[in-house]
Every structure is written in C-alpha cells, then in structure tokens.
2 protein chains.
Amino acid sequence: MAKAFECCETHHHHPAAEVVKNRMLSDDEFFGVADLFKMFGDSTRLKILYALQREELCVCDIADLIGMTQSAVSHQLRVLKGSRLVKYRRAGKTVFYSLADDHVQTILSQGIEHIEEL
Amino acid sequence: MAKAFECCETHHHHPAAEVVKNRMLSDDEFFGVADLFKMFGDSTRLKILYALQREELCVCDIADLIGMTQSAVSHQLRVLKGSRLVKYRRAGKTVFYSLADDHVQTILSQGIEHIEEL
DNA sequence: CACTCATATGAACAAGTGTTCATATGATAA
DNA sequence: TTATCATATGAACACTTGTTCATATGAGTG
C-alpha cells in the first residue's frame, strides 16, 4: 500500500478521500456529462425541449411558442442537434424537430421535479 | 374557441402547437430549472458533487482529489451552497461539505448514465 | 426562370462565467 | 498575544455563450 493520501502535505485527511479518489471518473467523462447538463442550463433550450415533449414541431411553431426569434431558435436547435438531444425531419420547406430519445425527457422531468419541490 | 394559433401570420401550423402552448411552464419556472442544471454544467462542480456522493469531505481534500486550487474549489462550493446542492458542517478549522439531499445524486447519476450509454 | 417562404448561418456584440492571485477571516495552539 | 492552518473572498482577466441583424440556402410555386 502506498502512503496515506495527503493534500496540503502538512496534515492527514479523511481516509474517505482516498477511497473516493479511486472511484473518480476520467476527465473526459466529467466533461461529457458537464456538456450534457450545459444543454439543459439555458432557459431557451429548456423551453424548446419542453415544447417538444409531446410531439414534433416546426421551427416556426417553436419560435412563436416560446416567444423567441426564428434565428435564435434555429441557432439553439443546431446546438441541441449537435448534442444529439433532438432529431429532425424535413417535409418540404418545413423542418420538424423532436426529442432524440426518452432520456432527454427523463432528465428534463427530473430537473422540473426538483424545482417544484422547493 | 379563439382562432387558430399562428406564428408568422402567413400560414397555419400544427394544431399540436396550440395544445403545447397551454401546457408551458412559467418563465420563472424555466429559469429556475435552467439555473439548477447550470450547476451541473461545469466539470469542476461535477467533480465536487461526484466526490461528495459517498461521504462528507473537507475543502482541502476535495481540492486535492479533483486537482484544483483550494481557492477555485472554495468559490465553487460557495456557488453550490447558494443553490442548496451542498451543505456544510464546521469542525474546528476544518469545514466539511456534503450533498444537500438525494435529489442531487439522482440528477448526477441520470447524467452519467446517459453519457455512458452513448 | 424568378419569386416566396421556412430555415440556416456568419459576424459582431453584450453579458455571464471560472480561474488566478493576493489577501482576509476565523479558529486553534503556543 | 502572535503564529499557523483551513477556508473564504474580492478584483482582474480570459474565455465562453446567447442574441441580434443581415444574409444565405434550399424547397416549392407560378
């Protein structure tokens, strides 16, 4: 066994710290999870995802629904698409967006639930 | 019944849009949820929360564990405390932080789970 | 083809955020 | 008291992010 874990090199610490250290995820994993949550960390994106919970909607509808510019919505949809949180379907001039999978809705509900309880 | 919902004032839209419109949350609710997720949207905060999953840790331990400055960690703990995601307990010179409630861990796990599946 | 409509995108700007460095606070020990 | 240790905090800075405005793309229509 290596010597006990220290941080400031001046005192010993909770033995728990060493245990936790071995269970930490990789940096990449943390960055990945952070990026995921970042998507839910903006009210505009949140409104878009919430609006798409029931069924697919076109960009124009979404924009009106959440009271934002078509441009702003399109920019955000691009970001959401990049994070694979939404998918789209083209129908003529119109593009319909929808949630990519059930996980998205689960995370969303979890957040809302947490807030409602406070 | 009011007239059908329109956005660009030039064409009619999915009737679904109108239904969804009536189910939207208030702006304040969306901002609240966004602020919550924002806390999970930074890898440093994520590492802190993850480290606290098992037991309370002092600032010094956390800093070493995630390889960050004591100052940086302290600043983030302040933010996390402000969002009521962590609580603290003082013991002499040392301050021990821990997760505020089970909800925090649930959201955290949900995010990690989503990433692992991709 | 030209024209319209729905959507996408690029550049610019303002606002927000996380880290660093220096320093302050507050508790303990000598 | 003074010294030391753990933590907190303020200011400055670089970096990121979301919106706006103008314009481009691309599909449909006449």
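Letters A, B, ... mirror the listed sequences (proteins, then strands); counts begin at 1. Note: hydrogens, waters and symmetry copies are ignored here, and every other heavy atom, side chains too, is used.
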Is the shortest heavy-atom distance from the side chain of [X] to the side chain of [Y] under 4.5 Å?
X	Y	answer
B/Glu116	A/Glu29	yes
B/Ile107	B/Phe40	yes
A/Ile115	B/Leu36	yes

Under 4.0 Å protein heavy-atom contact, by nucleotide of nucleotides 19-30 of chain C - B base, S sugar-phosphate only: SBBB----BS--
Charged N to carboxylate O under 4.0 angstrom, B/Asp101 versus B/Arg84? no
NZ/NE/NH1/NH2 to OD/OE distance under 4.0 Å, B/Asp27 and A/Lys47: yes
Whole angstrom value for the distance that separates [atom2] of [N] from [atom1] of [X]:
X	N	atom1	atom2	answer
B/Phe37	D/dG18	CZ	P	15 Å
B/Leu46	C/dG18	CG	P	12 Å
B/Leu77	D/dT9	CG	P	11 Å
A/Tyr88	D/dA27	OH	P	12 Å
B/Lys38	D/dT16	NZ	C1'	13 Å

Using a heavy-atom cut-off of under 4.0 Å over every strand shown, decide if B/Tyr97 touches base, sugar-phosphate, or nothing. sugar-phosphate
With sugar-phosphate meaning primed atoms plus P, OP1 and OP2, does A/Lys81 contact a base, only sugar-phosphate, or nothing at under 4.0 Å between heavy atoms? nothing
Which pairs, with at least one residue in residues 43-64 of chain A and sequence neighbours excluded, count as a ring-ring contact (aromatic ring centres under 6.0 Å, His included)? A/Tyr50-B/Phe30
Does A/Lys81 count as lying over the ring of A/Tyr88, i.e. NZ or CZ under 6.0 Å from the six-ring centre, within 45 degrees of the axis? yes
Parallel, tilted or perpendicular: which describes the rings of B/His114 and A/His103, with under 30° parallel and over 60° perpendicular? perpendicular
Using a 3.5 Å limit on both pairing distances, list the dot-bracket string of DNA chain C from the 5' end; Watson-Crick and G-U wobble pairs count, crossing pairs take [ ], interstrand pairs take |. ||||||||||||||||||||||||||||||
